Structure formats: structure tokens, C-alpha cells
Amino acid sequence: MHVTSPVREPLIQGGKTYADVTEDICRHVEGAPTKEWKIAFGISLLVLAYGTVCLAWTWWEGLGVWGLNKTVGWAWDITNFVWWVGIGHAGTLISAILLLFRQKWRTSINRAAEAMTIFAVICAASFILMHMGRPWMAYWALPLPNAFGSLWVNFNSPLVWDVFAISTYFSVSLVFWYIGLIPDLATIRDRATSKVSRFMYGTFAMGWDGSAKTWARYEYISLILAGLSTPLVLSVHTIVSMDFATSVIPGWHTTIFPPYFVAGAIFSGFAMVQNLMLITRVVYKLEDYITLEHIETMNKVITLTGSVVGVAYITEFFIAWYGGVEYEYYAFFNRMTGPYWWAYWAMMTCNVISPQLFWSRKLRRSITFTFFISIVVNIGMWFERFVIIVTSLHRDYIPSSWAMFSPTRYDIGDYIFSFGLFFTLFLLFSKYLPVVNMAEVKAVLRSTSAQLPAKIAGVAKVRQRGTAEPAFDKDKE
Amino acid sequence: MASAHSIPSIEERFEFTSEAKRNLLIGGGVGLALVALGAYLAATGGGHEAVAHGAEQAAAAVGHAGAEHGAAGHGAAAAAEGGHHAKSWVARIWANLWVNGVYFTGMSVVGMFFISYNYLAQAGWSTVFKRIPEALPAFLPYMGVVMLLTFIFGGHDLFHWTHEGLYEVGGPEYDKIIAGKRGFLNTPFFIIRLVIYFAVWYWLWRVIRNLSLKEDEIGGTEFYEKSIRFGTAFLVVFGVTSSTSAWDFVMSIDTHWFSTMFGWYTLASWHVAGLAVITLTVVMLRERGYLRAVNSSHLRDLGKFIFAFSIFWTYVWFAQFLLIYYANLPEETIYFIERFRGHGGFYKAPFFITLFLNFFFPFLVLMTRDAKYTHSILKVACWSVIIGHYMDFYTNIMPGTVGAGAELGALEWGFFLIFLCAFAYSIASQLEKANLIPRNHPMLEESLHHDIA
Amino acid sequence: MAELSGKYLVGVYDDDDTVLHAVPRLRKAGVKIKEVYSPFPIHGMDEALGHPRTRIGIAAFMFGVTGCCVALTLMIWTMGIDWPMIIGGKDPISIPAYIPITFELTVLFTAFGMVITFFISNGLGPGTHAHPRFDVRSTDNKFVMAIDLGRNSMTVEDISRALKDSGAEEVNIKQF
């Protein structure tokens, strides 16, 4: 017997039945693409095409087309990489950590958030390939005898750790997401009217039948996968932070980096999920599933992680003074008052101050305001990486090598490429796959619905072909 | 498991029997005797040679580490202190008071931390045993007094930065780096901070506790809503003060050294130790016939919490260690060199015991599903974590205070025992003051039916 | 009995609570239930059906240990034995620097090993339709109980009456 406390706000509105859930979510997968979708997809493809041209030129001509110089040898490329990886943390957080904490509100958003994660990690990975300048040599990063000679990759290097971390994270997230998709794919398969979609969804549903034994194992491995993904998601941004923190560059080498990067990643990831979900909910008319409660809860998480990031900023700053290391102190002082002061203050405003506005209940329940702040947070988190990376590098130990960084059209174009890629993938996902996890929503429907219909199973709106053999009725036999 | 829930009565009063009181007093008495014995041994010169010898080695090891001016100066200071034998055993007593004070303060305040984040997250499962974390912070005032007095009377032995000579420009002891920290590390400001921490933590706890007790009598959701607000306020306060207090209480002992992670590292240590105390108390109450409403699902969740936050502590510990190890900057690495090779290698054992008790042991023992609700296994894991984190604070505090004069003998365990018994006494007398189950909590029904099968 | 093999009685329920309560009732009445199919996991259903607890966890642990060993062996051998190198002043075999990759590979092996085990043990795979599907609505909004008539000694009428009594809204016969 399950009891839900009356003080909890309901999560699902509209008196949905199980059949309603199936119908509301499957409708978008089964119907023809809408006009809005086509326009959005067209724009994404255009952006992607422009980005691809820029990227092709970057690879053709070499990394010299970027605005890097001898002092600032790492700028937008790595900023964008860290930014995307960070965004790619929210999905696994929602699906893994919140699963372990049994937060029921995650069921409405985890599918899209995880998809977002996977696409964000793909975008991040594209920057690693861009970095290489010669992407056809990418296999050199793998643990193979180097160039098939006798030298191996350097396992002491945080960049090699990154290769392992990102690829593990990507593949485990993908598997986790796919496992969650299987029952829903089976639902679509069983509703499919055309042969093609029955075949396609049927193939990917892997013969799922929803038996109690399968469900028991499914729930079990979901928990274990969540238990694995939780330290994994922490480890990924930890290792990303170590790309910087293991060095001895003032402003980079600080021990708080691992958890602070993780908090920042969750912060930006939630903001991105918030953005995407606010659009999806309107376009797909999912207001009954993604309610104000969901939005408010996500805003609370944004405020929490934003505050954690704020505490980390202050800690770094304090210790830079407290430590009494003049280079460290200069690095931080220079961030605030040096030539990149605008980036620093943009970061502070967007990341520390703006999420504090959500202390007001009115603001955190305002959809427009939430959308606006989510964008602000993502801008802020981009600036955070920019500040950490560029301002720490641009003042070298010798004043004669001090330099500034200015992006070229290829820095910008390659960044645009990642946006094109991201939105193209996300739009494809939102058209061809169910954006809400139907099975999980159904599982919590009874305890989270605002008003339960008389018959919670409801009447399936689409009558399947060949379903009903005549009911067995003893009197007629 | 899912079907047949028979909910035991929610009306239960804990009785702090005279027998239990006597046992705790005996425990405290044994602790006192051990302290007396340890102090006698220390004062009459047991291990005197080791002390002097260790100090030399420490200086040598520290110098060998290639440390620059600051570190070498520090090593020399440690050696000098180690050499002063008469002083060292007194310093050892102060250091012991400080280690236990910091550790038990942390475990007490984590009770409040636990309640607060459970309120904020609208957690339902934990309601049934909410009175136990709620009872922990009652110990805070005592710890506040212990720490304040220890600082006032023994601060000079514990905190290198309290030495006036360090700040005399041009003086023989002048230390530019420490002098630069004077705006933060000075006696009046330190005492003000210490008092503020305890006052604010304790006051917020009193508010939440009173709301909870009133809720027991009156009912309704008004107290619940208010508690969420005060819990959130506490989290905001604690979000900052947990870090600053860690800098004050522990990090400033090794005055030169700094690590931005240290605040969160200490919080992780306090947190998991506090969880172990909560779990241990729940299990012990169940063994004495109380809290029958706490079912195997609650216990498993508590077990998971300890499991998860042991790993979290290890993560924070390792991240800090790895970054310092990797970058190998002398002013940072000295911290670990001192614990590895300094002081005659004395701290190497506590250093690794800490890792074993706080990570490997609870990790392996609590991994399986059934272990997390088996009383005996939970108890062993909790004790491992409680002792392990004592060792953690011991390894962090002792090298900078008593250095080579440290031991892990009668004095140390005696003090630990005294504090432990006093803490248990405080918890038990708090538990006695209210119904063991918060009978009108709006989440109670949900918690009673908690079932994760 | 022979004519009954491959013949199933299918009870269709429209409520997860009803089917959950029906299971122990039917089992008590002597009905041997093959499986219950549902659109989402029903808490306590596998216990009610008497399915043994899954042992995938043990497999996962083994995969994890394998991953851990593979990672450490790979790094210790390449960095310390095959081509020893001193990097950043660290020993050729510097365990702290190996821990991140060891962790990642442990997780990777555990996750993939476990998921592959899951697919195999459930007979899931691309293009498989290993299990007979008794009612397609079981992935939408119905809860479907399958009873293998070949394995039950009770009469069809008795079972179907028991199904109806336990709350089934339809009772169908399915032949494979």
C-alpha cells in the first residue's frame, strides 16, 4: 500500500488515465510533422550547414584560423567543450540521482533531459575532434601503442582521463536512456498502423513484452545503472576540471575545482533542460504533464546549484587572498579588475545573482521569467568557463607575453556548428521518439495525479487491429 | 513485504533508564581514568625519547621535501615544539579536546543539517525517525563551551598563528605569509566567529525543535510550512558557515597551508559521521524495543545514505589529494608529506586507517541489499565510520598541533570515550523529552508506509 | 491435456491494484499463473507471482571487478613495464593517477556487462519476438494475466470463473 501525504502538490493535471498518457505522448510520434517543427528543423539544418562549412574550413586550413596565440593557446574551443559537457550533466542527474532519491517529478522530464544530455555530449565531443586539428588521427587518443609503434598513450595525462571519462559517460548514458526507451518503443510498436513503423519501432523495442519478470529485472538494473551513473556523472566533470586543476597555472590549480565544476554543470544543465522543456511543453501541449510544480522544482534546483557555485567562487577568492601566494592572488584580482572584467562580472551577475531571484515564489512560478533566467544562466556559465580559461592564461608570467584573445569567424562558426548539431538532433528526437517516459508517468500517476478519473485505465482511443478475440464467456459456450 | 503492513503504535515514549544513565556515567568514568592514566604517562616521560627523536626526523623530512621558506619554517617550529617536552603533554591534552570538540560539534550540527535538507526536499520517508536527528544538536552548547575554553586557554598550543612574534615586522619569528592572514586569523575575530557559529546553529535548531514539539501537540500543516522556511534558512547559513568553520577549526592549524576544497571536505566528513550516529541510534533503539514503526525500507535507505556518503567523502578526499599530489607545489604538498613521512612516520598509520575505515570497509560491507537492513552489519559499518572519521580529524589536527609528540594511546581514547558518552547522554535525554515519533507530522503516514521492496 | 498445450487463458484487467490483489487470490485457489504483463512495473508483482529474486547484481559485481582489473593491468603494464616512463616526476607506476581511468572502466564494464546480461536473460534483442504476446493492450493501459492451460489441472471454466471473480474485465482464449 502506498500513501501520499496531502501536503504534496500534485504533479499530473487533467485527470489523466493510463490510456490518456499513451495517447497524449504517442500522438506526436505517430502524426505527421507539424509546420512549426518543419520550420524549426529547417532553421537548424541551415545553422548546421553554415557551421559545417566553417568546421570544414577549420580542418582544411588548420587550427591557425582560430584566434589563438602563443599566450592564449586554449580559448573558445575548450570553453565550448566544457560548456557542452556541463550541460550534458543534467539528464543523468535527473534520471539517476533523482531516481535514487525517488523524486517523482523527474518522470515527466527525464526522457527529454537524457536525450538533451546525449546530444550535448556529442556536441562536446565534436570540440575534442576540432581540437585535434587532424581528426583522422583521433585514434591516437585511444590506448593503442602510439602510431602503432612501441610508445603508449600517457595514462598520467588528464586529457587521456577525459577520453575515458567522456566515452564512458556517453555510452553509459546512451544505454541508460535506451533501456528507459524500450517499454515506450514497445507501446508505439503495438499501436503502429504502418508496416514501416511497426518494423522500425519493433526492431528497437527488442521484443519487449512487459512481463512481471522482465519488469522486475528492468527496475533492478535501472537502480544499479542509476547507482553507477551517479558517481559517473560526478567523475566526468571532475575529470574535466582536472584538465585545468592538475596544472600549476594560477587560477586553474585549486582543489575545489572538481565538486565546483560538477555543481556548475548541473546548474547549467538544468537551465538548458528548463529551456527545452518550456518550449516542448507548449508545442506538444504537455501542460498537464510538465506543470508549474515541475518548473518550480527545477528552479529550486537551479537556485541551489547556483548558490553552491556562488559559495565556490567566494571560497576561491577568499583562499586566493588567504593563501598568500602572490600569483594566485593576482590571477583572481585580475579577473575582477583586469581587461576581462566584463566577462567576470557577466559571470557573477548571471550565475550568482540571477538565480537568487527565484527566492520569490512569484518569479519562480512565472514561465516567461523562468525561460529568461535559464538563458541568462547558460550565458553566465559560458562566461564562467571563458573567465577560468582565458583570463588565467592571458597574463603570462612575463609581461612581454601578455596577450588578449579575440575570436575569429571560425571560432564563432565552429561554436554555431554545435548549436546546429544540437538542435537538429533534438528536433529529430522530439519528432520520432516519445518525449515523456510513458511507462514511468503511468507508474506514478496514481500517487501524483491531481484528480483521478473513475477508471484509471481509461479507454484506449486507438483500437488496435486484431486485438480482441471473442471474450470467453462460459454461458455462451 | 508489500501487502501486510501492520503499523505499530505511534505513541511511544523513550525511557532513559537509570541503568542506561549509570552505564554512560561508568563509560565516562572509564574515559576519565584513561585520560588520567594517559596524562600521567605523558607527563612522566613515557615516550620522551621518541618525541625528541620524532621531532628531528620531522624537521629532516620536511626539509627534505624541498619546501620553501614557509614550509621549512613550519617544520622548524614543529621541531621546536616537539623539543619542549614539558609543554608537549599539555598541548596533547588541548589538542585532544580540540579534535573531539570539532568532531562532536560536527556530528551534532549534522542532525540539524539532515532535518533541514529533508524539509527542503519534502522528504517523506525520514519522518518516522525524525526525532533522532532532531536530538543531536542539543549537544552544541556544550561543545561550544568546550571549544571556546580550549581556544582561550589552549589556543596558543594549538594555533601557530596566535603567536604574536609572527607579526612583528623584522622580528626573529616574523612570517610574512601568516602576517598577511591577520585580517582573518586574529583572536578577537576568531572568537566572534566561533560564538556566532554556535549561537546561530543552536538558535535555528531551537526554533525548528519547538515547532516540531508544538506540532506534536496541536497538529496542522502550519508548523510544517514554517519548518521548511527555517530549515532553508539554516541551509543558507550552514552553506557558508560549514566552510568557514572548517577553515577556522581545522585548516588554520596548519597556518601556511590552504586548500579550497577543505570546507566541503570537512562537511563531507561531518555529514557521513552524523548519518552514522543517526543510523546507529535508530538501530539501538530498535534493539531496545522502540521504533517498531521503522521498517526494513527505512533501514535500507539509511544504509544507502551511509554507503553513498562514504563514497562521497572518499571522492572529495581523493580529489583534494590527487590535485595536490599531481601539481606537486611545495606549499601544498607539505601537508601530505608531513602525514606520510614527517614526525617519524607516525601519522602514516592513522592516514591509511582513515581510508580503510571510511571507504573500503563500509563500501564492501554495505554493498549488498540485505546488509543494509541487517542490524549487526549496520552497527559495524556505523562504528567503522564513526571511528574512521575520528581518525580523519585526528590526522588533520594532530600533526600541526602536537606533531611528533602525538600518540594514539590512553589519553586519546579516554577523551573520545568521554565525549562519546556525553553525546549519548545528551541524545538520550533529548529523546526522552518528546514522543519518539512525530505524531502530527504531515508526512508521517507516508513514512509509516515507506516500502521500497 | 494434450489438446490444451499451447492454449492460454488470458485475463484482462483494467487496474493495477486489482491485478495485484488478484494474483495471490488466484494462486491460493490453485491457479498456476504463467505471467502478468503490464504497461509499467507494478510494485510487488514479482513477489506476488513467486518469481525468485534476480541475481543480475552478482553478475554486475563480477563485471565491475573485471573492469577494475583490466584497467589497472593495462596501465601498470604499459606505463610501468612495457615502456617505463617518468612523467611529471612521478614514479612510472603511479597509482593515484590511474584511479580516474580505473573508475571509468569499472563503471563501463559493469554497465555494459549488466545490460547485456539483462538482454540475454530476458531474451530481448533486435527482431526478437521471443514471448507470445497475449494482448497488445498490455503496453498501453491493460494488465494481462496469462494462464497456461497445459500446465493447469483445473478446468477452463473454473479458471475463467476465478479470473472473473478476481476482477478481470475480459477473459480470452489464446492459441499459439
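Just so it is clear, the model here is predicted, and its values are computed rather than measured. In what follows, every chain begins at residue 1, and chains take the letters A, B, ... in the order their sequences are listed.
- Using a 4.5 Å cut-off on side-chain heavy atoms (C-beta onward), N141(C) and T17(A) make no contact.
- Residues L124(C) and W208(A) are in side-chain contact: their nearest non-hydrogen atoms beyond the backbone lie under 4.5 Å apart.
- The part of I182(A) that comes within reach of chain C is its side chain, from C-beta onward, which places non-hydrogen atoms under 4.5 angstrom from that chain.
- For a residue to count as touching a neighbouring chain, one of its non-hydrogen atoms must lie under 4.5 Å from one of that chain's; by this rule Y218(A) touches chain C with backbone and side chain alike.
- Counting non-hydrogen atoms of other residues, nucleotides and ligands closer than 6.0 Å to CZ of F112(C) gives a total above 12.
- Side-chain contact between S211(A) and V36(C): absent, with no pair of heavy atoms (C-beta onward) separated by less than 4.5 Å.
- To the nearest 0.5 Å, the span separating OG1 on T214(A) from CG on N122(C) amounts to 4.0 Å.
- Contact between R191(A) and D140(C) at its shortest, heavy atoms only, is NH1-OD2, 4.5 Å.
- Per-residue heavy-atom pair counts under 4.5 Å with chain C were compared for T168(A), V236(A), T22(A), V175(A), and the maximum is reached by T168(A).
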Acceptor/donor pairs from residues 103-111 of chain C side chains to any protein atom, 3.5 angstrom cut, sequence neighbours excluded:
{"unit_1": "E104(C)", "atom_1": "OE2", "unit_2": "S235(A)", "atom_2": "OG", "d": "2.6"}
{"unit_1": "T106(C)", "atom_1": "OG1", "unit_2": "T102(C)", "atom_2": "O", "d": "2.6"}
{"unit_1": "T110(C)", "atom_1": "OG1", "unit_2": "T106(C)", "atom_2": "O", "d": "2.4"}

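- For W215(A) (side chain) and I42(C) (main-chain N/O), no donor-acceptor pair under 3.5 Å exists by modelled atom type.
- Of the inter-residue distances, the one linking F118(C) atom CZ with I179(A) atom CD1 reads 5.5 Å to the nearest 0.5 angstrom.
- Using a 4.5 Å heavy-atom threshold, the side chains of F40(C) and P183(A) count as separate.
- Only the side chain of S138(C) has a heavy atom closer than 4.5 Å to any heavy atom of chain A.
- What you find for P39(C) and A439(A) is that their closest heavy atoms are O-CB, 3.6 Å.
- In terms of heavy atoms, Y98(C) sits closest to N156(A) at CE2-OD1, 3.4 Å.
- With a 4.5 Å cut-off on non-hydrogen atoms, S121(C) touches chain A through its backbone and its side chain both.
- Taking non-hydrogen atoms and a 4.5 Å limit, the residue list of residues 74-85 of chain C in contact with chain A, ordered by number, reads L74(C), M75(C), W77(C), T78(C), M79(C), D82(C), W83(C), M85(C).
- In this structure, W161(A) contributes its side chain and A97(C) its backbone to a donor-acceptor pair below 3.5 Å.
- Of the inter-residue distances, the one linking M114(C) atom CE with Y220(A) atom OH reads 8.5 Å to the nearest 0.5 angstrom.
- In this structure, chain C has heavy atoms under 4.5 Å from both the backbone and the side chain of N154(A).
- Of the two parts of P158(A), neither the backbone nor the side chain holds a non-hydrogen atom closer than 4.5 Å to a non-hydrogen atom of chain C.
- Checked for salt-bridge contact, R446(A) and D17(C) meet the test: a charged N lies under 4.0 Å from a carboxylate O.
- Every residue meeting the side chain to side chain contact (heavy atoms under 4.5 Å, CB included) condition with I249(A), not counting sequence neighbours, appears here in chain and number order: S247(A), W252(A), S392(A), L393(A).
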Table please: side-chain donor-acceptor pairs of residues 25-32 of chain C below 3.5 Å, with sequence neighbours left out.
{"unit_1": "R25(C)", "atom_1": "NH2", "unit_2": "D165(C)", "atom_2": "O", "d": "3.3"}
{"unit_1": "R27(C)", "atom_1": "NH1", "unit_2": "A48(C)", "atom_2": "O", "d": "2.5"}
{"unit_1": "R27(C)", "atom_1": "NH1", "unit_2": "L49(C)", "atom_2": "O", "d": "3.3"}

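- Rounding to the nearest 0.5 Å gives a distance of 13.0 Å between CD1 of I93(C) and CZ of F155(A).
- Results of the side chain to side chain contact (heavy atoms under 4.5 Å, CB included) test with T54(C) over E219(A), K213(A), R217(A) single out R217(A) as the only residue that passes.
- One side chain, D16(C) or Y18(A), offers a donor N or O that lies under 3.5 Å from an acceptor on the other.
- Summarising the local packing, CZ of R55(C) is surrounded by 12 or fewer heavy atoms from other residues, nucleotides or ligands at distances under 6.0 Å.
- Only the side chain of F119(C) comes within contact range of chain A, judged by heavy atoms closer than 4.5 Å.
- Between V115(C) and L225(A) there is a side-chain heavy-atom pair separated by less than 4.5 Å.
- Of the listed residues (T187(A), I239(A), V163(A)), the greatest number of heavy-atom pairs within a distance under 4.5 Å of chain C belongs to T187(A).
- Taking A146(C), G57(C), G64(C) one by one and counting their heavy-atom pairs under 4.5 Å with chain A, the maximum is reached by G57(C).
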